[in-house]
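Take a look at the structure below.
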Amino acid sequence: MTDANTLPGRPRGGVLSGPATPRAVNVLAPNPSAMTLDGTNTWILSEPDSELAVVVDPGPLDDGHLRHVVGTAEQAGKRVALTLLTHGHPDHAEGAARFAELTGTKVRALDPALRLGEEGLAAGNVITVGGLELRVVPTPGHTADSLCFHLPVDRAVLTGDTVLGRGTTVVAHPDGRLGDYLDTLRRLRSLTVDDGVHTVLPGHGPVLEDAQGAVEYYLAHRAHRLAQIETAVENGHRTPSEVVAHVYADVDRSLWPAAELSVRAQLEYLREHGII
């Protein structure tokens, strides 16, 4: 059996739903798949002595899940006062409008099309609800509208799909761009080095106890994949599908369509930098 302490980011064992930090509780959505891992993590954030809570990523349009999130907050004596989105993929955001109906909250997101209310989200925003402070960190790459939320008092960062609790994420070309994603990973590494962030609260998979280790692993993984793809092209594999079949030969074929998105992003990056 593999020791979790030897895995990238040191994933926390045990049940995913429930308290993760003094201010963060996860409610796991019932939408497991090869792409969503165990399902979408919906995060309830609140100061321990506050009656107000923030929910990040209500998840899919599943009324049972959305009501369960509300019920979990209420059982803890909390009222949901605001809904935030890390990005617009349906497994994170499709249920947001219905969740807003259930809670009477506004929905804030980077993409105006996802907002309910006039306020969006932008780099440098500091969100305060019931004494809770969240800092908005722009993290494009997985998608153009991806954001992370820095929870300073818990030395934690909510990463959506930018960093997962298990495995690595997709650069969802053409919306996602590899150059942006590499810059994002460096920005997150700065959070771990300069701001003391040590815990990753991901959009899928377990909590990671070693944020810096996780980000360093992601950077090394991307460099390795780029080298593999450059070599594949040099050996005559020109199309994205040919590169996927060569580079991802040991990966479950059901994941090849997602891998092809990342390959397209990496080929674009290599071309832009004159490498191929």
Side-chain angles (χ1 to χ4, degrees), residues 12 14-29 39-59 62-87 92-93 95-110 114-139 147-160 162 165 191-192 195-203 206-209 211:
R12 185 182 298 175
V15 178
L16 297 186
S17 284
T21 73
R23 292 163 184 81
V25 173
N26 181 30
V27 181
L28 182 64
T40 300
N41 294 332
T42 295
W43 292 101
I44 303 173
L45 309 176
S46 179
E47 284 294 324
D49 59 353
S50 174
E51 296 180 354
L52 300 179
V54 175
V55 165
V56 177
D57 289 351
D62 181 310
D63 216 56
H65 170 65
L66 301 176
R67 290 182 182 276
H68 183 41
V69 175
V70 175
T72 300
E74 290 177 344
Q75 287 173 11
K78 313 286 186 182
R79 176 177 65 82
V80 179
L82 180 64
T83 302
L84 303 175
L85 298 177
T86 61
H87 66 297
H92 293 259
R98 174 58 178 153
F99 189 72
E101 290 179 3
L102 293 172
T103 58
T105 59
K106 295 179 179 179
V107 176
R108 295 181 64 179
L110 179 62
L114 299 171
R115 300 172 190 167
L116 291 176
E118 295 180 0
E119 282 191 288
L121 293 171
N125 284 167
V126 178
I127 298 164
T128 55
V129 174
L132 180 81
E133 179 183 296
L134 283 174
R135 299 175 185 173
V136 178
V137 183
T139 52
L147 298 170
C148 290
F149 298 103
H150 178 200
L151 181 56
V153 69
D154 281 350
R155 297 172 65 191
V157 60
L158 290 89
T159 54
T162 296
L191 275 183
T192 70
D195 296 278
V197 167
H198 62 66
T199 302
V200 173
L201 305 177
V207 171
L208 298 179
E209 305 281 9

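By the 4.5 Å heavy-atom criterion applied to side chains, Arg23 and Ser46 are not counted as neighbours. Contact annotation: the side chain of His150 approaches that of Val197 to within less than 4.5 Å [non-hydrogen atoms, C-beta and beyond]. Looking at Leu82 and Leu84, their side chains come closer than 4.5 Å, going by heavy atoms from C-beta outward. Proximity of Leu85 to Asp57: side-chain heavy atoms (C-beta onward) are separated by under 4.5 Å at one or more points. Residues Val56 and Leu45 meet the side-chain proximity criterion, which asks for heavy atoms closer than 4.5 Å. Under the 4.5 Å side-chain criterion, counting only non-hydrogen atoms from C-beta, Ile44 is in contact with Thr72. Between Leu201 and Thr21, the closest side-chain pair of non-hydrogen atoms falls below 4.5 Å. Considering only heavy atoms from C-beta on, Pro138 stays 4.5 Å or farther from Leu110 through its side chain.
Nearest approach of Leu16 to Pro206, heavy atoms of both residues: CD2-CA, 3.5 Å. For Val80 against Ala73, the heavy-atom pair with the smallest separation is CG2-CB, 4.0 Å. Nearest heavy-atom pair, Asn125 versus Gly120, reported as atom, atom and distance to 0.1 Å: OD1-O, 4.1 Å. When all heavy atoms are compared, the tightest approach of Val207 to Pro202 is CA-CD, 4.0 Å. Taking every heavy atom of both residues into account, Ala100 and Leu116 meet most closely at CB-CD1, 3.6 Å. Looking at every heavy atom in both residues, Ala96 comes nearest to Pro58 through CA-CG, 4.0 Å.
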**Request:** Please test Arg67 against Leu102 for side chain to side chain contact (heavy atoms under 4.5 Å, CB included), starting from the C-alpha separation and ending with a verdict.
**Result:** CA-CA 8 Å; Arg67 290 182 182 276; Leu102 293 172; 3.9 Å; yes
**Request:** Show the numbers, then the answer: is there a side chain to side chain contact (heavy atoms under 4.5 Å, CB included) between Ile127 and Val129?
**Result:** CA-CA 7 Å; Ile127 298 164; Val129 174; 4.2 Å; yes
**Item:** Intermediate values then yes/no, side chain to side chain contact (heavy atoms under 4.5 Å, CB included), Thr199 and Leu208
**Value:** CA-CA 6 Å; Thr199 302; Leu208 298 179; over 6 Å; no
**Request:** Would you sort out whether Arg79 and Glu74 count as a salt bridge (Lys or Arg N to Asp or Glu O under 4.0 Å), showing the intermediate values?
**Result:** CA-CA 6 Å; Arg79 176 177 65 82; Glu74 290 177 344; over 6 Å; no
**Verdict with supporting geometry, Leu28 and Val15, side chain to side chain contact (heavy atoms under 4.5 Å, CB included)** = CA-CA 10 Å; Leu28 182 64; Val15 178; over 6 Å; no
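A donor and an acceptor atom, one from each side chain of Thr42 and His65, are located under 3.5 Å apart.
A salt bridge between Arg12 and Glu209 is present, with a side-chain N of the basic residue lying under 4.0 Å from a carboxylate O of the acidic one. A salt bridge between Glu51 and Lys78 is absent, with no side-chain N of the basic residue lying under 4.0 Å from a carboxylate O of the acidic one.
In this structure, CG on Leu158 lies 8.0 Å from SG on Cys148, to the nearest 0.5 angstrom. Considering CH2 of Trp43 and OG1 of Thr86, their distance stands at 12.0 Å, rounded to 0.5 Å. Atoms CG and CZ, on Leu121 and Phe149 in that order, are 5.0 Å from each other to the nearest 0.5 Å. Taken to the nearest 0.5 Å, the CG atom of Asn41 stands 4.0 Å off from the CG atom of Asn26. We find the OG1-CG distance between Thr105 and Leu52 to be 12.0 Å, quoted to the nearest 0.5 Å. Here Arg155 contributes atom CZ and Leu191 contributes atom CG; the two are 12.5 Å apart, rounded to the nearest 0.5 Å.
Listed for the Thr83 side chain is no donor-acceptor partner under 3.5 Å among the backbone atoms of Val107. Put simply, the side chain of Asp195 never gets that close to the backbone of Thr192: no donor and acceptor are under 3.5 Å apart.
Annotation for Glu133: atom CD counts as buried by contact number, over 12 foreign heavy atoms lying within 6.0 Å.
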